Amino acid sequence: MNKGFSVVGKSVIREDGIDKVTGKAKFADDYKFDGMLHAVMLRINEAHARINSVDFLEIENNRNVFSIISSADIPGAKKVGMIKNDQPIFCDEKVVTPGDVIAMLVGESEDGLRPLLSKIKIDYSPLPVLNDPKKSLDKDAVLIHPEAGSNLIIHHPLRKGDIQKGFDESDEILEQTYTTQLIEHAYIEPEAVIAIPQGISQGVKIIGSIQNPFSCRRIVAAVLNLPLAKVRVQQAHLGGSFGGKDDTMAILAARAAVAALKTGRPVKIRYSREESILESYKRHPYILDYKAGYMKNGKIKAIKIELLADGGAYTSMSPFVTWRSVVQATGPYEIENVHTDVRAVYTNNPYTGAMRGFGSPQPIFAQESLMDEIALRLGMTPDEIRRINGYKVGSVTATGQTLKDHDVNLITVLSTACENTDFAKKWKNNLKKKSVALELSKDSPILKDDQFIRPDDNIKKGIGLALSFRGCSLGAEGMDASAAYISIQNDGSVYLDCGLAENGQGLRTTYTIIASEVLGVSPDKIIYLELDTGITPDSGPTVASRGTIMGGGAVKNAAETVRDKLTALVKEEFKLPADDIISFTDNHVHSESEGTLASFQDVCKIASSQGMNLSAIGWYKGPNVHWDEETGQGDAYFTYVYGCQVAEVSVNISTGEVYIDKITAVHDPGTVINRLGAEGQVFGGVTQGAGYGIFEEVTTDKGFIRELNFDTYTIPTSKDISEIIPIFVEGKESYGPWGAKSLGEPTLELTAAAISNAVCNALGKRLFNLPLNLEEVLLNIKLRPADTKRGSLV
Amino acid sequence: MMPRFEIIFPDNLSDALSVLSSGHEHMQIIAGGTDVITGLGQGSNRFKNTKMLIDINNIPEVNGIEIGREKISIGGAVTFSDILQSEFIERSFPLLWKSVSTIGSVQIRNRATIAGNFVNNAPCADTVPVLLVYNATIVIESMSSKREISLYEFLSGPYKTKLSRNEIVTRINIPIPNKNLNGDFYKLGRRRAVAISRITLAVLADVNSESKINEIRIASGAVTPIGTRFFDLEKIAKGKKADDQFFKDMAGKLGEKIIEVTGLRWSSEYKLPVVQQVFYQLLKGIERG
Ligand SMILES: Cc1cc2nc3c(=O)[nH]c(=O)nc-3n(C[C@H](O)[C@H](O)[C@H](O)COP(=O)(O)OP(=O)(O)OC[C@H]3O[C@@H](n4cnc5c(N)ncnc54)[C@H](O)[C@@H]3O)c2cc1C
């Protein structure tokens, strides 16, 4: 840990914590306004259909209907998107997935409106439905968006070295296919948003459960055809997001805003869990083909990777999600010859976009499974093979970037994790005790005598690890800069705000700590303001684990700007030599020569009496990165973080249950700002990663989701995971506040892969398809109900 | 969407029964509401005509756990948390206590009732197999009648029972089992809490010192359309030696029986082998020696 900090690196309770646990925090649905109307969505039960006509005649004059909102009411862009404008606000011509909304009824109460939906006559012609991403690029495949010319959303190639030569020179070749599943973010708070008209010419104000207020504003402004400044977006407390309240929320905000401007009244949209799961985007399922050539000594010579991501019905974030995949698909291993193709395609399935991890958990599952398999074939332990191939200082990544200028701590996190878990010894022991997997026959469902397992033999222990590197922030995805606002009052109390939005991860507290450290005032004197696009400068989205590194950099810059002014002031005021060193700690200002000079409060009073401006906008801009689209070569990200997780599991060989005994999570996030917050990230990320590994899956039947609520969509509970041990290796870094980098996503991306390797260690058989649920573990299959009906609805 | 309804809170049985006496299908008894409210919210057919809910929690006659010499009597509005707090139940009805402890979460158990569990009669109702092996009977009252029938008889099909619209289950009576009956309850869900059961089994057996089975009671849930007893198997087992080979035979027979009553379903490929396996393991628990 860095020495000499007074707050940084300590455990600070989050500033919104008490309000949240006592129910006082205001979430979007808690906001109510005079004259507020509600809106309900019109959909059809089709995954792909042309809409011929919509007839509202029967309900037009119903007293519960205040207004009917459709595409015709949109003054500006009718189609939007985070990257490509292919998603209609209202699907008046065609629906391409069951979540699509055709129009919206607005009235005083949801209850009054809902029964009317079935009275609207929609004439439509069903179109062929495409659900299999592998068939998306077939010549005869139905086109989801004919104007795009093909179902290909994006193709990222990467070429390094000579792949054929690499395979030719390899001693052995291993080829495997892995699959990962569609999953839901499962934020506990479903979507809610209110649009409030602001007089005749002032546009609209949006309050909502919004992950990225600035992205939301851009889309609402485009839809309303208003200048950005006339759309003010205020973030309510967010009940979870995990990357999921971006596109969906922008579209809901736009619908509400169109209705608000048409009716002249505030309009609220809020979703039930079912509607939330139905319409919101999810994590991309991937099909991952890996072919590796390696030497008998463990060195990997060549790797050929082909990834296919199901983007579902819309582009959303697919190009960026899959871009991260192409950069990181080899894992943190230096390989001379790499040939990667990542494609995302359209289907009529629920669309997929950003989710914590963002294109990394999928390749990590494949690449870390593959590494373990190679180790097994060569008689090595999983850590040995990784030590041989893992990145060190000066290593060159698959994109041709040389890793330098920061602590390349990959081997350090690996060693730390192994030492803390006695990894190699346990791994070898389990291997010796491995069970022969039960052979079950489909034809004779009755067990034979020798197939019965004694109760004492049920549990097999397994240990497995996974390793990753991760590019911090946006990389070559786009412009990377953020802003913070600080304003010191004449009594020394402080207002702070940053353009990067709190997503529930404790960002506000992290920023408060940073300002507190710089100014030497205690965190309770710093009041964190709400994010409002009308007040705070655009800082890009809270994504890509960039909150601390980018927003933190801006906060530090803002705080230092005012501190430098105060430094100059006290030197003059106290007549100190120019080279005297002024420090700000313990709510006081000190000089090296004179000791404590005055309280921070008094210094601020002096400043104010002299008419000094004690507010500042801080700015932090990431260094330039570059990328060649054709070859997939370039310095993809300006810095990286490294992590290693070890999973210890108990597998019940009679039932296929996997229980997580312990996850040891070793991460290098750079400098830890809030220890409590950092540990929270690990606990949450690991739990989410475990859900991805063993439980969670959104399954579809012709595009229709079966798991529309948490009775069947099972996320882990506190009873499903035993111990989680966070360990931080704080590497040196020149970027970010005091070298603080990223942690949020690394904590999630490794867990499923580590668990899978542990299950393999326990069972002696490898599983290739996430999630490792009961059926997969026992039978290597996924079983699904024939349809989407719920038994309890009888 | 949650439909509009009226809710009343009668504070004695006769008031409640008199409201119910018309037998209107728009009236619905509510105890914990953990099935009724979620069912209403989902537009479940069973509840779709509900206009009035009759909350029975304030009725003394359907509350309390009474411990008698030969039986225990549990009120029709007693919650799972109440049951978990009873040391007598933990001692004398360990399978019941265990099944209750696996239900939902603390919040659910604080509201949900044992009567609600079997009146709703989902295939996965966790206390049903246990109540069946304990030979529970239930007292059903209406304005004009009072009857006591076995739970086995009461349950007629998935989400169906022999309850009439004008009746309330007032008590659940369970005979205190003879001391020689031992056994266990088994539940498999997709996770360790708030989980819908994939398989439940309950076994109670009296095995004598020569390892002979004097009596055995076997029930399942979730693998059969409703929780049910396996009387055929019980008969076969009677008098047999409780040894490893016999347990394997029994497990195979249970598998066959389940195919017979349930048929092959999408989940059979998993559930069938596993139910045999865990049934075998459950039987190992009654093995002497
Ligand atoms: C999150 C969650 C988790 C759950 N987990 C489980 C679980 O693990 N295992 C499990 O088995 N179930 C589970 N359930 C289902 C439910 O909690 C149980 O079935 C519970 O026992 C129902 O009891 P209740 O008192 O809430 O019933 P209610 O919802 O009040 O009533 C259910 C039905 O019984 C009728 N009824 C209730 N009491 C009487 C009476 N005395 N006389 C006549 N009719 C009556 C009602 O009219 C209604 O038809 C869960 C439910 C939820 C929401």
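Since we're looking at a predicted model, the values are computed, not measured. Letters A, B, ... are given to chains in the order of the sequence lines, protein chains preceding strands, and every chain is numbered from 1.
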Chemist: Go through the atoms of B:Tyr159 and report whether side chain, backbone, both or neither lie under 4.5 Å from a heavy atom of chain A.
Modeler: side chain
Chemist: Is B:Arg4 in contact with chain A via its backbone, its side chain, both, or neither, using a 4.5 Å heavy-atom distance?
Modeler: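 Side chain of B:Arg4 only, per the 4.5 Å heavy-atom cut-off to chain A.
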Chemist: What closest approach, in Å, do A:Leu774 and B:Gly189 show between heavy atoms, and which atom pair accounts for it?
Modeler: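 Closest heavy-atom pair between A:Leu774 and B:Gly189: CD1-O, 4.1 Å.
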Chemist: Return the CG to CD1 distance between B:Leu272 and A:Ile446, rounded to the nearest 0.5 Å.
Modeler: 6.5 Å
Chemist: Less than 4.0 angstrom from a charged side-chain N to a carboxylate O is my criterion; do A:Glu775 and B:Lys271 meet it?
Modeler: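 Result for this pair is no, no salt bridge flagged.
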Chemist: Among residues two or more places apart or on two chains, list those pairs meeting ring-ring contact (aromatic ring centres under 6.0 Å, His included) that have a residue in residues 31-51 of chain B.
Modeler: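 Passing the test, one end in residues 31-51 of chain B: no pairs.
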Chemist: Find the one option among A:Pro455, A:Ala786, A:Pro785, A:Ser718 whose heavy-atom pairs under 4.5 Å with chain B are most numerous.
Modeler: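 The candidate making the most pairs under 4.5 Å is A:Pro785.
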Chemist: How many angstroms lie between atom CG of A:Asp711 and atom OG1 of B:Thr38, to the nearest 0.5 angstrom?
Modeler: 8.5 Å
Chemist: With side chain to side chain contact (heavy atoms under 4.5 Å, CB included) as the criterion, how do A:Ile715 and B:Arg191 come out once you've worked through the C-alpha distance, each side chain's angles and the decisive distance to 0.1 Å?
Modeler: CA-CA 9 Å; A:Ile715 57 175; B:Arg191 61 180 171 198; 4.1 Å; yes
Chemist: Only heavy atoms, only distances under 4.5 angstrom. Which residues in residues 110-120 of chain A are near chain B?
Modeler: A:Glu110, A:Asp111, A:Arg114, A:Pro115
Chemist: Please flag which part of B:Asp244 lies under 4.5 Å from any non-hydrogen atom of chain A: side chain, backbone, both or neither.
Modeler: side chain
Chemist: List in chain and number order the residues that pass side-chain hydrogen bond (donor to acceptor under 3.5 Å, both in side chains) with A:Asn131, two or more places apart in sequence or in another chain; answer none if no residue qualifies.
Modeler: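 A:Asn131 satisfies side-chain hydrogen bond (donor to acceptor under 3.5 Å, both in side chains) with A:Asn349 once adjacent residues are dropped.
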Chemist: Taking the six-membered ring of A:Tyr659 as reference, does the cationic atom of B:Arg192 (NZ for Lys, CZ for Arg) lie under 6.0 Å from its centre and within 45° of its axis?
Modeler: yes
Chemist: Tell me, yes or no, whether the heavy-atom count around B:His26 atom NE2, taken from other residues, nucleotides or ligands under 6.0 Å, exceeds 12.
Modeler: yes
Chemist: With a 6.0 Å cut-off (strictly less than), is the heavy-atom count around NZ of A:Lys702, excluding the residue itself, greater than 12?
Modeler: no
Chemist: Going from CD on B:Glu269 to CG on A:Leu779, what distance comes out if it is rounded to the nearest 0.5 angstrom?
Modeler: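 B:Glu269 atom CD to A:Leu779 atom CG measures 6.0 Å (nearest 0.5 Å).
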Chemist: Please indicate whether A:Lys20 has more than 12 foreign heavy atoms, meaning atoms of other residues, nucleotides or ligands, lying under 6.0 Å from its NZ.
Modeler: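 Enclosed.
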Chemist: At a 4.5 Å cut-off on heavy atoms, which part of B:Ala122 comes close to chain A: side chain, backbone, both, or neither?
Modeler: neither
Chemist: From B:Gln277 CD over to A:Asn458 CG, what is the distance, rounded to the nearest 0.5 angstrom?
Modeler: 7.0 Å
Chemist: CG/A:Leu783 to CH2/B:Trp266 distance, rounded to the nearest 0.5 angstrom?
Modeler: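 A:Leu783 atom CG to B:Trp266 atom CH2 measures 6.5 Å (nearest 0.5 Å).
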Chemist: Just by modelled atom types, is the A:Asp449 backbone N or O under 3.5 Å from a matching donor or acceptor in the B:Gln245 side chain?
Modeler: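 The answer is no, because no donor-acceptor pair under 3.5 Å joins these two groups.
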Chemist: Measure distances from A:Thr655 to the heavy atoms of chain B and classify the residue's part below 4.5 Å as side chain, backbone, both or neither.
Modeler: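 Both backbone and side chain of A:Thr655 come within 4.5 Å of chain B.
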Chemist: A:Asn773 versus chain B, heavy atoms under 4.5 Å apart: side chain, backbone, both or neither?
Modeler: side chain
Chemist: How close do A:Ser654 and B:Gln281 get, counting heavy atoms only, and between which atoms?
Modeler: OG-NE2, 3.0 Å
Chemist: I'd like to check the salt bridge (charged side-chain N to carboxylate O under 4.0 Å, His left out) partners of A:Glu776; sequence neighbours left out, ordered by chain and number.
Modeler: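 If we apply the salt bridge (charged side-chain N to carboxylate O under 4.0 Å, His left out) test to A:Glu776, skipping adjacent residues, the hits are A:Lys782.
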Chemist: What part of A:Arg454 gets closer than 4.5 Å to chain B, counting heavy atoms only: side chain, backbone, both or neither?
Modeler: both
Chemist: Looking only at non-hydrogen atoms, find the nearest pair between A:Pro445 and B:Ile259 and report the distance.
Modeler: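 Taking A:Pro445 first and B:Ile259 second, the nearest heavy atoms are CG-CD1, 3.8 Å.
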Chemist: How far does OG1 of A:Thr714 sit from CZ of B:Arg190, to the nearest 0.5 angstrom?
Modeler: 6.5 Å
